[in-house]
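Structure record follows, encoded as structure tokens.
Along the sequence shown, residues are numbered consecutively beginning with 1. Computation of the quantities below employed the complete heavy-atom set of this structure, encompassing side-chain atoms and omitting hydrogens, waters and symmetry-equivalent molecules. Whatever order the structure lists them in is the order used to number ligands and atoms, beginning at 1.
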Amino acid sequence: MRKIAVTTAALLLFSAILAGCGSSLIKEEKNSEAAQSDIITVGFSQLGAESDWRNTNTASMQEALTPENGFNLVYKNGQQKQANQITAVRMFIQQEVDYIVLAPATETGWESVLTEARDADIPVILVDRRVDVADKSLYSCWVGSDFELESKKMTAWLKAFTERRNISPENLHIVNIQGTPGSTAQIGRTRGLANAARENGWDLMAEVSGDFTENKGREVMAALLKGYDNINVVYCENDNMAIGAIDALESAGKHIGQNIMNGDVMVVSFDGVNEKSREYCREGKISCIAECNPLHGPRVQALIEALENGETPEKFNYVDEGLFSSVSSVKKVVVDGTEYTIQEP
Ligand code: GYE
């Protein structure tokens with residue numbers, strides 16, 4: 001669509017010059033028309049605004065896909081509902097956008113609408129989470145984090161911590177406050193913990209979803225405290241839920257820290273995006289944060305530019321991430337042969 005528009009504008013300009021009626025005004029108009037039509041229209045279906053990570057991610061996209069950079073960004077917030085996202089994608093198809101960028105809430109149920117996008121010849125770029133489709137050609141590429149690796153780093157930290165303190169594995173009584181069920185981030189972070197608990201002999205007592213929001217994190221933590229009186233580790237699948245959980249723990253009179261054999265409850269989480277969670281991490285209220293990088297805007301921009309140049313970008317594009325902690329006993333962890341030095345929050 002855009003290419004036809006560019007060609008038409010170029011032809012118009014060319015015939016205007018040929019006809020000799022090239023007053024500077026006309027030329028300027030034609031130039032700006034050509035520049036206009038060179039703009040790449042991107043429909044971005046963001047899944048929601050549930051967390052600080054998400055808002056930072058949205059801002060990153062909006063800052064990269066600007067008119068100055070050659071883009072017209074059509075942003076749609078799915079309010080954490082896949083049905084809204086499917087409607088948004090259909091709208092983008094109708095609008096004949098040049099690219100669709102999709103940050104899917106959950107993994108399943110995307111075949112039909114992605115097939116519609118392919119039938120309309122609109123490339124789809126996935127950002128952050130993934131879709132579970134048999135036919136991988138339904139999307140051009142994906143950029144995001146390795147969520148299971150994040151979890152492996154976190155559980156390696158937890159293991160190193162308990163070893164330094166001579167805490168035996170069966171004395172870890174863990175609850176997992178999970179993210180949105182069926183989302184890639186939840187699946188990877190839950191799997192990593194479940195595997196580590198099995199391998200190390202930790203007592204993983206409960207897995208309950210807090211939907212990645214602070215309010216649900218607070219609610220779920222309060223409910224867990226009623227059901228279990230020996231929780232000493234709270235594994236939160238994002239910082240916002242950790243902030244809510246810490247609130248609930250403190251309201252219930254719990255002390256949060258690392259002295260878990262003497263009544264403390266230790267909180268660990270994921271993201272490291274907002275100042276409050278970093279502050280909590282500096283204070284030791286959150287003992288460790290596995291970083292999750294939301295700054296995908298420039299990455300998506302580079303992927304679109306590569307596609308525009310006729311290149312075939314890597315199908316799966318991972319970002320590098322680290323671990324934050326101010327607990328001095330653990331300096332580094334090794335996961336799958338790679339060493340990660342713990343960073344100051
Ligand atoms: O960790 C969480 C957000 O999918 C990586 O979603 C993302 C997660 C992120 O709501 O805070």
Based purely on interatomic distance, does Glu237 place a nitrogen or oxygen under 3.5 Å from a nitrogen or oxygen of ligand 1? no
Identity and separation of the nearest protein heavy atom to atom 1 (O) of ligand 1: Asp271 OD1, 2.6 Å
Starting from Val42, can I reach Leu295 by hopping between I/L/V/M/F/W/Y residues whose side chains sit under 4.5 Å apart? no
Decide whether an N or O pair under 3.5 Å exists between Asn240 and ligand 1. no
Go through the side-chain N and O atoms of Gln258 and Ser287 and say whether any donor and acceptor fall under 3.5 Å apart. yes
Quick one: look up the protein heavy atom nearest atom 7 (C) of ligand 1 and list residue, atom name and how far away it is. Asp128 OD1, 3.4 Å
Hey, does Arg129 come in under 3.5 Å of ligand 1, counting only N/O atoms on both sides? yes
Answer yes if the side chains of Ser277 and Asn274 hold a donor-acceptor pair under 3.5 Å, and no otherwise. yes
Does at least one non-hydrogen atom of Ser145 fall below 4.0 angstrom from an atom of ligand 1? no
Regarding Arg278 and the six-membered ring of Phe324, is the cationic atom NZ or CZ under 6.0 Å from the ring centre and inside 45° of its axis? yes
Do we get Lys152 above Tyr340's six-membered ring, with its NZ or CZ under 6.0 Å from the centre and within 45° of the axis? no
Could you please spell out the steps behind the side chain to side chain contact (heavy atoms under 4.5 Å, CB included) verdict for Gln85 and Leu102? CA-CA 8 Å; Gln85 292 200 276; Leu102 172 64; 3.7 Å; yes
Against ligand 1, does His296 come closer than 4.0 Å with any heavy atom? no
For ligand 1, does Phe147 get within less than 4.0 Å through its side chain, its backbone, both, or neither, judged by non-hydrogen atoms? side chain
